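Below, read A as the first sequence line, B as the second, and so on, with proteins coming before strands; counting in each chain starts at 1. Being a predicted model, the structure only gives us computed values, none of them experimental.
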Number of protein chains: 2
Amino acid sequence: MVRKTKAEAAATREALLDAAEEMFIQHGVARTSLEQIARHAGMTRGAVYWHFKNKADLFHAMLQRVRLPFQELVEALDDPELVKKPLEAIRLACISGFEHLERPRYRRVHAILIHHCEVFSDIDPLAMQNEMAEESCGALRDYFQCAARLGQLRNDISPALATQLLQSMLGGLFHDWLRNDGSFSIYEEGSRLVKTQLALMQPHP
Amino acid sequence: MVRKTKAEAAATREALLDAAEEMFIQHGVARTSLEQIARHAGMTRGAVYWHFKNKADLFHAMLQRVRLPFQELVEALDDPELVKKPLEAIRLACISGFEHLERPRYRRVHAILIHHCEVFSDIDPLAMQNEMAEESCGALRDYFQCAARLGQLRNDISPALATQLLQSMLGGLFHDWLRNDGSFSIYEEGSRLVKTQLALMQPHP
DNA sequence: AGGTATCCATACACTTTCGCATGTAAAACG
DNA sequence: CGTTTTACATGCGAAAGTGTATGGATACCT
């Protein structure tokens, strides 16, 4: 059995990516050979080299399956009332993000990107992380500025400062969660932390 | 010239560790060979294998040069008045920690541990990070509990929640700082963030 | 002063991995 | 239905890295 139908070929490609995820998170990116990935998917290296140029190309393809931009999380809420309550919009967007992250594939790939891969050849994971951080940070800032204009932010805290506080808190929580192998629910913990932090930032009643 | 005096031998050992730091942070741990480390220090692999058992042993020795426990930071303050002001103790300890981290060697090694190394053979960087996180987290919790007893913490925020908030914020800031290659001062940014966050947690005047 | 342990360079064998070249049977296409 | 292309498996050469064995010159000790 050699030649497969087009659907089967696409399935083996996905299977290779799945196998790569599991091997990467178990042994690290650098320590897993293309042979191990292929064998774990029930294939040989020939399949890998047919679907991907090399390990960097495979790695890049793996990341493409989990991209989630922050702005889309807010837009997905699709509630016109939220323009009047930007802090609430932030809270709901964070919760939505937590839900996404708890899906196994998202958790695995982000854990790989942050904890299980070094710089190699084509790919610079730190640059990718910076890119994602900058993106969400910019969106956050917009909403905090909106909140400040509406008087829904303590006036002794600038929008920029509020952004940094929340951004750092989210990042720290995210890293803790990944580092502890998802031993707690980032959805529950994150919801509590974000709710508390945003409450602290609101003006006194 | 082969046999060196004991002081010279110790110097070459340090030089090897210095070279390892630079190569690790530049190319990642897995992608740098012992040959590269030795050549960069003006030696050959023979010197490396004399001073260290293998790469994992060298890596471990590199980490031993920068260990800094959180509790010692507080004790180093050595101000008896601080037992009455636990939040201030936390703030000063964080600032002291930031000062340590800005020293180039500390920054380099932590960046390597967090961003430039994968699990390999003997060493599990995630376990090390968890150990360090647990340690500082426990110390933080003690001080927040003390603050709660003294009525210096908002009573709608439990000490555990306050600990998680600050811990996450510090971790996120730390990662951002390392990821951005120290492009901003963690001392200045961190001082502002910690000061603001602690102020938010205090009861209304 | 002589012997020995130290400190490091050099050389060699071995393993691992990569990239490519080739083989091949079935699916896709006209 | 014949031809071409696809979707892999297999095999080979080259390169890199590791661990160790050996050599040698000198600092250190008695």
Side-chain angles (χ1 to χ4, degrees), chain A residues 1-24 26-62 112 116-123, chain B residues 1-24 26-62 112 116-123:
Chain A
M1 59 295 194
V2 213
R3 171 83 146 108
K4 309 272 188 69
T5 173
K6 274 192 283 189
E8 285 174 325
T12 62
R13 186 191 138 100
E14 297 299 304
L16 287 174
L17 291 176
D18 290 343
E21 283 185 14
E22 296 182 19
M23 292 285 116
F24 284 167
Q26 195 168 354
H27 304 108
V29 175
R31 304 280 294 180
T32 66
S33 63
L34 297 181
E35 172 93 24
Q36 292 177 33
I37 295 173
R39 302 284 288 186
H40 192 255
M43 305 275 152
T44 69
R45 266 172 49 247
V48 176
Y49 275 101
W50 198 88
H51 283 287
F52 309 100
K53 186 181 174 186
N54 49 28
K55 192 198 273 189
D57 188 39
L58 186 150
F59 187 84
H60 197 269
M62 186 187 74
I112 291 169
H116 295 274
C117 85
E118 308 176 354
V119 273
F120 73 102
S121 63
D122 222 2
I123 304 238
Chain B
M1 59 301 194
V2 209
R3 171 82 146 114
K4 308 276 186 69
T5 174
K6 275 193 282 190
E8 285 174 325
T12 62
R13 187 191 138 99
E14 297 300 304
L16 287 173
L17 290 176
D18 290 342
E21 282 185 14
E22 296 182 19
M23 300 312 261
F24 283 165
Q26 194 168 354
H27 303 108
V29 175
R31 304 279 295 180
T32 67
S33 64
L34 297 181
E35 172 92 22
Q36 291 177 35
I37 295 173
R39 301 284 288 186
H40 192 255
M43 306 276 153
T44 68
R45 265 172 50 246
V48 176
Y49 276 101
W50 170 252
H51 285 285
F52 310 100
K53 186 180 175 185
N54 49 29
K55 193 198 272 189
D57 188 40
L58 186 150
F59 186 83
H60 197 271
M62 187 188 75
I112 291 170
H116 294 276
C117 83
E118 309 177 355
V119 272
F120 73 100
S121 63
D122 223 4
I123 303 239

With a 4.5 Å heavy-atom cut-off, do [X] and [Y] have their side chains touching?
X: A:M62; Y: A:I112; result: yes
X: B:L34; Y: B:F52; result: no
X: A:H51; Y: A:T12; result: yes

In whole angstroms, how far is the [atom2] atom of [N] from the [atom1] atom of [X]?
X: B:M43; N: C:dC8; atom1: CE; atom2: P; value: 6 Å
X: B:F52; N: C:dC7; atom1: CZ; atom2: P; value: 13 Å
X: B:W50; N: C:dT10; atom1: CH2; atom2: C1'; value: 16 Å
X: B:E8; N: D:dA27; atom1: CD; atom2: P; value: 8 Å

Stems in DNA chain C: runs of 3 or more consecutive Watson-Crick or G-U pairs, distances under 3.5 Å?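 Counting only runs of 3 or more consecutive pairs, the stems involving DNA chain C are C:1-30 with D:1-30.
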Under 4.0 Å from OP1 or OP2 of [N]: is there any side-chain N or O of [X] that close?
X: B:T12; N: C:dC8; result: yes
X: A:H51; N: D:dC8; result: yes
X: A:K6; N: D:dT6; result: no
X: A:T5; N: C:dA26; result: no

What's the separation between atom [atom1] in [X] and atom [atom2] in [Y], rounded to the nearest 0.5 Å?
X: A:R31; Y: A:F24; atom1: CZ; atom2: CZ; result: 14.0 Å
X: A:Q36; Y: A:M23; atom1: CD; atom2: CE; result: 6.5 Å
X: A:T44; Y: A:R39; atom1: OG1; atom2: CZ; result: 8.5 Å

Side chain of A:E118, backbone of B:V29: donor and acceptor closer than 3.5 Å?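 Between the backbone of B:V29 and the side chain of A:E118 there is a qualifying donor-acceptor contact (under 3.5 Å).
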Report, as a single string ordered 5' to 3', how protein heavy atoms within less than 4.0 Å touch nucleotides 12-18 of chain C: B base, S sugar-phosphate only, - not at all. -----SB
